[in-house]
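One structure is given below, encoded as structure tokens.
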There are 2 protein chains.
Amino acid sequence: MDREQLIDEVLMLLPALMRLVGKPGPVEMGEIARRGIPVDAHISPGHVQILISLSRGPRSVGQLAETVGVSPPAATQLVDKLVEHGMVERRHDHADRRVVLVDYVPGMHEVARRIMEDRRRPIERAINSLTDEEARAFVKGLKLMTEGFGPTASES
Amino acid sequence: MDREQLIDEVLMLLPALMRLVGKPGPVEMGEIARRGIPVDAHISPGHVQILISLSRGPRSVGQLAETVGVSPPAATQLVDKLVEHGMVERRHDHADRRVVLVDYVPGMHEVARRIMEDRRRPIERAINSLTDEEARAFVKGLKLMTEGFGPTASES
DNA sequence: CCATTTCTTTAAGTTACTTATTTAAACGTC
DNA sequence: GACGTTTAAATAAGTAACTTAAAGAAATGG
């Protein structure tokens, strides 16, 4: 059965994808250096998620945690690193001082955009190698699979 | 452009998939316990890769490292854990005593098969929700993307 | 015999999370 | 207003899954 083979292929492919997806490429490292961010800065997929969320406006740490799908301390850590790299800053919400709002440091939008572009490139290439139908099926399958690994997917 | 949206969707989806893909479901934990493997055993996607490779016969640690795509010490660790859980064992190759061959502990094939089945389930469900065309496109896209994140994919 | 290479493991370190706990702020009830 | 409870973020402590460097043993070739 062809499907059996496809399933086995995905099973072997997933860990490999996971290992590769977090590594920056040389183009990206060069770009980061040119923009004055420390050369050893590591922008992980989790960081990219944060940057994307913030491109829509300031967010509290709790909101970021929820959007990204991690615990609040994990969100704190992700933000810590971006603050360290001078890309984002924290400030308190006047309306409720418990809340920490995270926003881009002025002038860093463009840097973040470049970083996001670089991280998109392999995805872009993959999708641009597919027909419209194929691309939609690819993303559909990816969504279905992600949902399938999620907590609501278990059956008794 | 529809493709832009698809690309952005994948960019946000990947970290979420990565976080979810390593977590065992409750069915799997129950099965593991029933088979006499410690209840806290965590069988990661990397372990699954090892189990799949070994289902084709004994392998040296170096071969496993290569097949799975990790460093030799990482393969050592993966094997360590499976040995700990009583699923595989090490023995030296008579022809070259430097080489450590890894093989299933007698009677553990079936346990491993069950574990692999459980790990396959979300993938199976996703693929079975797609038409034949869609399923092929999904795996094609996944492969292309994985290659795109790999070391040979960078361009000057 | 000896220098070099190969194979695996150990050692040391990093990253990306998690849960538990702490601190400060806000809320609701009396 | 006082006080108990809840909320938000950060800190503390720990785990898993890697990496590179180095060590130890075995094999190879001159």
Side-chain angles (χ1 to χ4, degrees), chain A residues 14-24 38-50 58-85 88-103 149 151, chain B residues 14-24 38-50 58-85 88-103 149 151:
Chain A
L14 273 188
L17 176 63
M18 289 192 325
R19 289 184 195 111
L20 290 171
V21 82
K23 303 190 179 193
V39 188
D40 62 345
H42 180 56
I43 308 293
S44 72
H47 292 123
V48 172
Q49 278 182 310
I50 298 285
R59 293 285 189 279
S60 76
V61 173
Q63 285 170 329
L64 290 174
E66 199 177 318
T67 301
V68 170
V70 297
S71 67
T76 296
Q77 274 189 354
L78 288 169
V79 170
D80 279 350
K81 213 53 188 262
L82 293 174
V83 168
E84 216 175 284
H85 295 326
V88 306
E89 64 195 354
R90 286 180 168 96
R91 43 181 161 85
H92 283 277
D93 186 353
H94 294 298
D96 180 345
R97 282 182 298 129
R98 295 172 302 182
V99 174
V100 174
L101 288 177
V102 185
D103 199 4
F149 277 110
Chain B
L14 273 188
L17 175 62
M18 291 192 322
R19 291 185 193 108
L20 290 172
V21 82
K23 305 190 177 193
V39 189
D40 62 344
H42 181 55
I43 307 294
S44 71
H47 291 124
V48 172
Q49 280 182 308
I50 299 283
R59 293 286 190 277
S60 76
V61 173
Q63 285 171 329
L64 290 174
E66 198 176 318
T67 302
V68 170
V70 297
S71 66
T76 296
Q77 275 188 352
L78 288 169
V79 169
D80 280 348
K81 211 56 188 256
L82 292 173
V83 167
E84 217 175 283
H85 295 323
V88 306
E89 64 193 356
R90 285 180 169 98
R91 46 180 159 83
H92 282 279
D93 185 352
H94 294 298
D96 180 346
R97 283 183 297 133
R98 294 173 301 183
V99 173
V100 174
L101 288 176
V102 184
D103 199 5
F149 277 109

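Naming: A, B, ... by sequence-line order, numbering from 1 per chain. Every heavy atom of this structure was used, including side-chain atoms; hydrogens, water molecules and symmetry mates were not.
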Rounded to the nearest Å, what distance is computed from the [atom1] atom of residue [X] to the [atom2] atom of nucleotide [N]?
X        : N       : atom1 : atom2 : value
Leu14(A) : dA17(D) : CG    : P     : 15 Å
Met18(B) : dT18(C) : CE    : P     : 12 Å
Leu64(B) : dC18(D) : CG    : P     : 13 Å
His92(A) : dA9(D)  : NE2   : C1'   : 9 Å
Ile50(A) : dA16(C) : CD1   : P     : 12 Å
Glu66(B) : dT8(C)  : CD    : P     : 11 Å
Leu20(B) : dC17(C) : CG    : P     : 11 Å
His47(A) : dC17(C) : NE2   : P     : 8 Å

Exercise for the section: Could you identify which residues of residues 70-83 of chain A place a heavy atom less than 4.0 Å from some atom of DNA chain D, listed by residue number, or say none? Expected result: Pro73(A), Thr76(A)

For a quick test of reading the model: is some side-chain N or O of [X] closer than 4.0 Å to OP1 or OP2 of [N]?
X        : N       : result
Arg90(A) : dA9(D)  : no
His42(B) : dA17(D) : yes
Arg19(B) : dC17(C) : yes

Please write out each protein N/O paired with an N/O of nucleotides 25-29 of chain C under 3.5 Å, distance rounded to 0.1 Å.
{"from": "dA26(C)", "atom 1": "OP1", "to": "Arg97(A)", "atom 2": "N", "distance (Å)": "3.0"}

Fill in the blank from the handout: Sorted by chain and number, sequence neighbours left out, salt bridge (Lys or Arg N to Asp or Glu O under 4.0 Å) with Asp80(B) holds for Arg90(B)

Practice task
Using a 4.5 Å cut-off on heavy atoms from C-beta on, say whether the side chain of Leu14(A) contacts that of Pro45(B).
Solution key: no

Mind checking what makes side chain to side chain contact (heavy atoms under 4.5 Å, CB included) contact with [X], not counting sequence neighbours?
X        : answer
Leu82(B) : Ile43(B), His47(B), Ile50(B), Leu51(B), Met87(B), Val88(B)
Glu89(A) : Val105(A), Pro106(A)
Arg91(A) : Pro58(A), Leu101(A), Asp103(A)

Practice task
Mind listing the closest non-hydrogen atom pair of Ser60(A) and Val99(A) along with its distance?
Solution key: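 Looking at all heavy atoms of both residues, the shortest contact is CB-CG1, 3.6 Å.
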
Practice task
Could I get the full list of side chain to side chain donor-acceptor pair (under 3.5 Å) partners for Arg59(B), not counting sequence neighbours?
Solution key: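 Applying side chain to side chain donor-acceptor pair (under 3.5 Å) to Arg59(B) gives none.
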
Exercise for the section: Take Pro15(A) and Val99(A), find for each the nucleotide of DNA chain D with the closest heavy atom, and name the residue whose nucleotide sits nearer the 5' end. Expected result: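 Checking each residue's closest nucleotide, the 5'-ward one belongs to Val99(A).
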
Side-chain donor-acceptor pairs of residues 66-73 of chain B under 3.5 Å, sequence neighbours excluded:
{"from": "Thr67(B)", "atom 1": "OG1", "to": "Gln63(B)", "atom 2": "O", "distance (Å)": "2.9"}
{"from": "Ser71(B)", "atom 1": "OG", "to": "Ala74(B)", "atom 2": "N", "distance (Å)": "3.3"}

Practice task
Could you list all the salt bridge (Lys or Arg N to Asp or Glu O under 4.0 Å) pairs where at least one residue sits in residues 68-79 of chain A, not counting sequence neighbours?
Solution key: none

